[in-house]
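Report on the following structure.
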Amino acid sequence: MSARTATTVKPVAIADQFDLSLIVCLYFEEECVEEFVRQVQSELKSTAMHWEIIFVDDGSRDRTVPIVSELAVKDPRIKLVVLSRNYGKEAAITAGIAYATGKVMILMDPDLQDPPDRILDFYSECMEGHDLVWGVRQQQSRGLIEQLFSALFWKTLRGMTGLPIPIDVAVMRSFSKRFADAFLLFPESCRFIEGVFASIGFDTTTLEVENRPRFAGKSKFNFSKRISLAAKAITAFSDRPLTITISAGAVGLLISLGFAIYMLCQKLFLNIGLNGWTSTIAAIVFMGSLNLITIGLTGLYVGRVYREVKGRPVYLVKDTWNLTKTDDMSAGGTLHE
Ligand code: UDP
Ligand code: MG
């Protein structure tokens, strides 16, 4: 069933401008999404504000879309954007922000790791004038190893990019409409969301949130996906790896030059023959590896440039429920109404 049919079946007059938009990405979340909606509805039922949930399905092939579209038919505040395939969470978030109309927007995951009972706290912080309220994980809510890895990741990233991303940032965060508009001006197709958020500026603060276990289902981010996210984050926001390889190359060059002079002196003044293969091979392998690393690293950046110049859309929309911009097939900041 298409979006158009869904809205014709049940036309309901609701606000054009919402006080609050929750943006939630879905990828194989059939086990969590109903409970998430139930908790959000119960949390917000006593408030007078107009709210909406913008669900963005990022190419799930389970029952996520049928479940959410059914919920959308029952409640017009539940909206769904179905992307044409799996684009990755960053693209899905971008689609959600492009469709949201709230004065305040909150990004959350549907697995209930982010507590719905904190929605109003995040909302109030924005209403007090903050443009971005980062959720930061409470230390005691996670295991020691997880805390260590997470701190290492965020500290490295901060060091490499120089961006003011809080250590241990959570997914849950709220931001103002003008912050969302600024976000949509960022045209890059390869986007590291935390980096873009941190480079926007405006008035920023943090709120501590508890990190709860996943309600159901499995995490979609395994170790290798996290490593590739880290590589993407660093290459998208920092050219420091390139300068580091230049320095490493310079150090290697000095060492090998010193070694060559030392051996030449031995030959000239002490008449000791150049001894053998071992040292030659060691030097060749050392310089060869350094070269390969440098070429690979440069290749990463060139690949990034290649992807960006193609100017492909960040996402394509297959279908929508309870949304009027059904003809939007586009990406990033450009919407065709
Ligand atoms: N997600 C997505 N596209 C993807 C992978 C994940 O939209 O390609 C969504 C997923 O539905 C979930 C969120 O990203 O809402 C976070 O994923 P998950 O809970 O698996 O990660 P974790 O919390 O373990 O980091
Ligand atoms: Mg999760």
Side-chain angles (χ1 to χ4, degrees), residues 21-37 39-40 53-69 71 78-100 105-116 118-119 134-138 141-143 145-154 157 165 167-173 189-194 197 209-230 232-233 314-320 331:
S21 302
L22 298 178
I23 296 162
V24 185
C25 301
L26 305 169
Y27 188 51
F28 291 89
E29 297 291 1
E30 62 181 4
E31 291 168 274
C32 296
V33 71
E34 279 172 300
E35 178 59 18
F36 173 81
V37 169
Q39 290 199 16
V40 168
I53 308 179
I54 310 278
F55 282 113
V56 182
D57 180 75
D58 188 21
S60 313
R61 293 180 306 280
D62 62 352
R63 290 199 21 85
T64 304
V65 172
I67 291 172
V68 179
S69 54
L71 291 170
I78 296 172
K79 303 168 179 198
L80 173 62
V81 180
V82 184
L83 302 186
S84 64
R85 61 169 169 84
N86 178 243
Y87 285 87
K89 193 178 177 188
E90 292 78 16
I93 292 174
T94 309
I97 296 179
Y99 275 89
M105 302 181 190
I106 298 184
L107 182 67
M108 291 181 80
D109 279 351
D111 54 14
L112 298 167
Q113 284 188 279
D114 298 327
R118 300 298 304 280
I119 290 175
W134 293 104
V136 178
R137 301 230 191 266
Q138 269 168 3
S141 61
R142 285 179 310 153
I145 303 277
E146 205 184 327
Q147 274 180 44
L148 273 176
F149 268 112
S150 170
L152 185 73
F153 174 76
W154 291 111
L157 211 68
I165 307 171
I167 303 289
D168 263 348
V169 70
V171 175
M172 190 170 191
R173 65 199 66 157
S189 66
C190 180
R191 41 191 61 214
F192 168 56
I193 295 288
E194 278 71 26
F197 268 48
V209 284
E210 196 191 325
N211 184 46
R212 293 179 186 166
R214 204 172 217 288
F215 174 72
K218 281 190 297 211
S219 172
K220 317 298 175 309
F221 291 95
N222 53 25
F223 186 69
S224 75
K225 264 201 173 180
R226 286 185 205 277
I227 296 283
S228 86
L229 177 73
K232 183 186 199 175
V314 176
Y315 59 85
L316 291 173
V317 175
K318 185 161 88 180
D319 220 342
T320 63

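Both ligands and their constituent atoms are indexed starting at 1 by order of listing. Note that these values count all heavy atoms, side chains included, but never hydrogens, waters or copies made by symmetry.
Under a 3.5 Å cut-off, the side chain of Ser21 and the backbone N or O of Met105 do not form any donor-acceptor pair. With hydrogens and angles ignored, the 3.5 Å screen pairs no side-chain donor or acceptor of Ser84 with any backbone N or O of Val317. For the pair Asp111 (side chain) and Gln113 (backbone), a donor-acceptor distance under 3.5 Å is present. Checking side-chain atoms of Tyr87 against main-chain N and O of Gly59 turns up no donor-acceptor pair under 3.5 Å.
Here the protein heavy atom with the shortest distance to atom 20 (O) of ligand 1 is Lys220 N, 2.5 Å. Nearest protein neighbour of atom 14 (O) of ligand 1, counting heavy atoms only, is Lys89 CD, 3.1 Å. The protein heavy atom nearest to atom 21 (O) of ligand 1 is Phe221 CD1, 3.2 Å. Protein heavy atom closest to atom 24 (O) of ligand 1, with residue, atom name and distance, is Ser219 OG, 2.5 Å. What sits closest to atom 7 (O) of ligand 1 on the protein, heavy atoms only, is Cys25 CB, 3.4 Å. Nearest protein heavy-atom neighbour of atom 1 (N) of ligand 1: Tyr27 CB, 3.6 Å. Scanning the protein for heavy atoms near atom 18 (P) of ligand 1, the closest one is Arg214 NH2, 3.6 Å.
Here the shortest heavy-atom distance to atom 13 (C) of ligand 1, taken over Asn211, Asn86, Asp109, belongs to Asp109.
Of the candidates Ile97, Ile93, Asp114, Ile93 is the only one forming a side-chain contact (heavy atoms from CB on, under 4.5 Å) with Leu107.
Closest non-hydrogen pair, Gly96 versus Ile23, comes out as CA-CG2, 3.8 Å. Across Phe36 and Asp109, no two heavy atoms sit closer than the pair CE1-O, 3.7 Å.
Interface of Gln113 with ligand 1, defined as ligand atoms under 4.0 Å from a residue heavy atom, comprises 19 (O), 23 (O). Every atom of ligand 1 with a heavy atom of Asp58 under 4.0 Å away is listed here by number and element: 2 (C), 3 (N), 4 (C), 7 (O), 8 (O). Atoms of ligand 1 found under 4.0 Å from any heavy atom of Glu29 (numbered from 1 in listed order, with element): 10 (C), 11 (O), 12 (C), 15 (O). For ligand 1 and Asp111, the ligand atoms under 4.0 Å from any heavy atom of the residue are 19 (O), 23 (O). Short contacts between ligand 1 and Leu26, defined as distances under 4.0 Å to a heavy atom of the residue, involve ligand atoms 11 (O).
Note that the CG atom of Leu26 and the NZ atom of Lys89 stand 11.0 Å from one another [nearest 0.5 Å].
For ligand 1, the polar-atom distance check finds no N/O of Pro110 at less than 3.5 Å from any of the ligand's N/O atoms.
In this structure the side chain of Leu112 never reaches within 4.5 angstrom of the side chain of Arg212, judged on heavy atoms. Using a 4.5 Å heavy-atom threshold, the side chains of Arg173 and Glu194 count as touching. Proximity of Ile53 to Val40: side-chain heavy atoms (C-beta onward) are separated by under 4.5 Å at one or more points. Inter-residue side-chain proximity for Asp58 and Cys25 is flagged as unmet; no heavy-atom pair is nearer than 4.5 Å. You'll find the side chain of Phe192 reaches within 4.5 Å of the side chain of Ile165, heavy atoms only.
Around the Mg ion (ligand 2), the protein contributes the following N, O or S atoms at distances under 2.8 Å: Asp111 OD2, Gln113 OE1.
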